[in-house]
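Worksheet: one structure, shown below.
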Amino acid sequence: MADIQLECREIWKRFGGFEALKGVDLEVRDGEILGLIGPNGAGKSTLLNIINGVYAPTKGKVFFDNHEITGKKPHEICRLGIARVFQIPRPFYEMSCLDNVTTAIMFNSNVDTVKAQKRALELLEFVGMKYPERKPDEITLQDKRRVELARALACEPKLLLVDEYMAGLNPSEIQEAIELLKRVNVELGVTLVWVEHVMPAIMGLAERVVVLDHGIKIAEGKPEEVVRVKDVIEAYLGSDMVMEA
Ligand SMILES: Nc1ncnc2c1ncn2[C@@H]1O[C@H](COP(=O)(O)OP(=O)(O)OP(=O)(O)O)[C@@H](O)[C@H]1O
Ligand SMILES: [Mg+2]
């Protein structure tokens, strides 16, 4: 068990009369990049929401570093070392990108403004954001994603939950994003659980892949093995999986 960083045990999530997750087990190893794939509505974002405390599961338990975190609030979970990059970035639009990241650092630690701003500039440089003084509505989608990533890194996570980081990016931006996520993993030593529809990105970067469909885990394994599983191919037929970057 020593190298298991995150464990989701039989997670169920019901919304009204609808079961979005039906007994999902997930184990994430310390330091790995785990791809979480599946068609629209499979329950991927819901599972991330349960891991970082946006939702409590209807049934089931979540453990991080061998401690149970089920039902804790997102800010508590963030302080324990789990950060989230959301599918739709939600920065503070009235603040500069630098102030967005500085605020996130100050929210998550007790450092003063000067130190927080210095760290924010380092993080923005790390993610390749060249316009820290701009506001979020003055920058490209790629830069918005970079700033969102820097905000997530503000809590110095051990585990980063990434939701559709590549969506809407062009092929060269996708390549840069792949390199950036790889650097987060290798240089910062952060484990990634990464939801993505852009298959070549997953194939190139994820060490293991888990496939959800209709709230059930239907496959798990190396990316090149998983995409050959009949149930996975059928689940994805007619969906918006992107096969070419
Ligand atoms: N807050 C909610 N209230 C009601 N139903 C919800 C809620 N959140 C998610 N659902 C439903 O749960 C199911 C799973 O949604 P989820 O967002 O987890 O899917 P997903 O796998 O992330 O899909 P996508 O690839 O489109 O982002 C969907 O049918 C969705 O409509
Ligand atoms: Mg989603």
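Ligands are counted one by one from 1 in listed order, and the atoms in each one are counted from 1 as well. Numbers here simply count residues along the sequence, with the first being 1.
The pair K118-E122 counts as a salt bridge, with a side-chain nitrogen and a carboxylate oxygen less than 4.0 angstrom apart. With respect to D143 and R134, no salt bridge is recorded, no charged nitrogen being found less than 4.0 Å from a carboxylate O.
Every heavy atom of K13 sits 4.0 Å or more from the atoms of ligand 1. Using 4.0 Å as the threshold, G38 has no heavy atom nearer than that to any atom of ligand 1.
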Quick one: do T70 and E68 satisfy side-chain hydrogen bond (donor to acceptor under 3.5 Å, both in side chains)? Show the steps, please.
CA-CA 6 Å; T70 325; E68 186 171 355; 2.7 Å; yes
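The salt bridge (charged side-chain N to carboxylate O under 4.0 Å, His left out) test applied to E179 returns K182, not counting sequence neighbours. Here R183 pairs with E187 under the salt bridge (charged side-chain N to carboxylate O under 4.0 Å, His left out) rule; sequence neighbours left out.
The distance criterion of under 3.5 Å between nitrogen or oxygen atoms is met by G41 with respect to ligand 1. At under 3.5 Å, not a single nitrogen or oxygen of A20, backbone or side chain, sits near a nitrogen or oxygen of ligand 1.
The ligand atoms of ligand 1 that sit less than 4.0 angstrom from a heavy atom of N40 are 23 (O), 24 (P), 25 (O), 26 (O). Interface of T46 with ligand 1, defined as ligand atoms under 4.0 Å from a residue heavy atom, comprises 9 (C), 14 (C), 15 (O), 16 (P), 18 (O). Proximity to G43 (heavy-atom distance under 4.0 Å) selects the following atoms of ligand 1: 14 (C), 18 (O), 19 (O), 20 (P), 21 (O).
If you take CZ on R208 and CD on E27, they are separated by 7.5 Å, rounding to the nearest 0.5 Å.
Residue S45: an N/O/S atom is found under 2.8 Å from the Mg ion (ligand 2).
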